[in-house]
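Reviewing the structure listed below.
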Amino acid sequence: MLILAPWAAIVAIWYAIHYSGVVNPVLVPTPHAVATRFVELAGQRLPMDVWMSTQRVFVGVALGITAAVPVGFVLGWYLSMRTFIEPLVNFFRALPPIALIPLVIVYFGVDETAKIVILFYASFFSGVIVMYEGIAQISPIYVRVARTLGATDGEIFRKVIVPLTVPHMLTALRVALGVAWATLVASELIAARRGLGSLIQEAAAFFQLDIIYVGIICIGFIALAMDLALRRVAKRLVAWQERIN
């Protein structure tokens, strides 16, 4: 019941705002009106919109994290590389993906590739930051102890460095996934006919606020479901940490 309490509070506040008169009720559709619209869209275009957006986020994050993990590892493990490249990484990380849309259209057109590039950009730099910050905090004592016990470089990498890196990989993946969902609407500005971002933009053009709420809520719940799934996976993969603490 405690888990449901915050959601019930949000719904109650939502109703209170609608009926209070503080805000024009037309601008704040009621939760039951949004739920009705959700059911209506669920029998029409919503499943395809959810599928297209989820697919784009999955591909963009998969590519972004695949590139971010080795880059973040190098930056975190080698101080000289981090000192040299960190300002460049922070520069590009600070650039909002939506500002790059005109250039992405010029270089990649308006097809799926352009949308994936935007999501890749967002997830890559957020993943790199989390990855190298985590790696930089790993104590070198583990490596020294392994060498003292006679471990080879290959054994140190497989049995010491990789296990210590896994938690940071999973954290980077979670952060990148959140950033990618937050960037989804911007990526689907690029001539998207299907997707939750496209649904929201089309609804905004016709002032269909209930549909906008449906799109936003779908993005939030899908992102939450993915994050919860990753947290469960992470708990199993790094269970050894709890045993040694």
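Every heavy atom of this structure was used, including side-chain atoms; hydrogens, water molecules and symmetry mates were not.
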In short, Ala186 meets Ile98 closest at the heavy-atom pair CB-CB, 4.1 Å
Quick one, Tyr78 with Thr83, criterion side-chain contact (heavy atoms from CB on, under 4.5 Å). Give me CA distance, side-chain angles, the key distance, then yes/no. CA-CA 9 Å; Tyr78 299 102; Thr83 303; over 6 Å; no
If you apply the rule side-chain contact (heavy atoms from CB on, under 4.5 Å), what do you find for Leu46 with Leu196, and how did you get there? CA-CA 8 Å; Leu46 190 59; Leu196 293 171; 3.9 Å; yes
Rounded to the nearest 0.5 Å, what separation is found between the CG atom of Leu149 and the CD atom of Glu155? 10.5 Å
Is Trp7 reachable from Val11 through a run of I, L, V, M, F, W or Y residues, each pair having side-chain heavy atoms under 4.5 Å apart? no
Could you go step by step and tell me if Thr30 and Tyr19 meet the side-chain contact (heavy atoms from CB on, under 4.5 Å) rule? CA-CA 9 Å; Thr30 60; Tyr19 290 111; 3.9 Å; yes
Checking Asn24 side chain against Val26 main chain: does a donor-acceptor pair fall under 3.5 Å? yes
Same cluster or not: are Val175 and Phe120 linked, directly or through other Ile, Leu, Val, Met, Phe, Trp or Tyr residues, by side-chain heavy atoms under 4.5 angstrom apart? no
Ile129 and Asn90, any side-chain heavy atoms less than 4.5 Å apart: yes
Passing option when Leu177 is tested against Asp227, Leu230, Ile65 for side-chain contact (heavy atoms from CB on, under 4.5 Å): Leu230
Backbone of Arg56 reached by a side-chain donor or acceptor of Glu112 within 3.5 Å: no
More than 12 foreign heavy atoms under 6.0 Å from OH of Tyr15: is that the case here? yes
Exam field: side chain Thr171 to backbone His168, donor-acceptor pair closer than 3.5 Å: no
4.5 Å side-chain heavy-atom contact, Val71 and Phe124: yes
Over 12 non-hydrogen atoms of neighbours within 6.0 angstrom of CD1 in Ile141: no
Set out, in order, the CA-CA distance, both residues' side-chain angles and the distance that settles side-chain contact (heavy atoms from CB on, under 4.5 Å) for Leu119 and Val61, then state yes or no. CA-CA 7 Å; Leu119 294 171; Val61 170; over 6 Å; no
With a 3.5 Å distance limit and no angle check, can you tell me whether Thr54 reaches the backbone of Trp51 through a side-chain donor-acceptor pair? no
With sequence neighbours left out, write down each residue that passes salt bridge (Lys or Arg N to Asp or Glu O under 4.0 Å) with Glu40, or none if nothing qualifies. Arg37
Over all atoms of both residues, closest heavy-atom pair of Pro167 and Pro163: CD-O, 3.3 Å
State which residues pass ring pair (Phe, Tyr, Trp, His ring centres under 6.0 Å) with Phe125; sequence neighbours excluded, sorted by chain then number. Phe92, Tyr121
From Ile116 atom CD1 to Ser123 atom OG, the distance as rounded to the nearest 0.5 Å: 9.5 Å
Has the side chain of Trp14 got a donor or acceptor atom that lies under 3.5 Å from a matching backbone atom of Pro29? yes
So, are Lys115 and Glu188 salt-bridged, with charged N and O less than 4.0 Å apart? no
Roughly how far, to the nearest 0.5 Å, is the NE2 atom of His32 from the CG atom of Asp210? 11.0 Å
Atom CZ of Arg45: over 12 foreign heavy atoms under 6.0 Å: yes
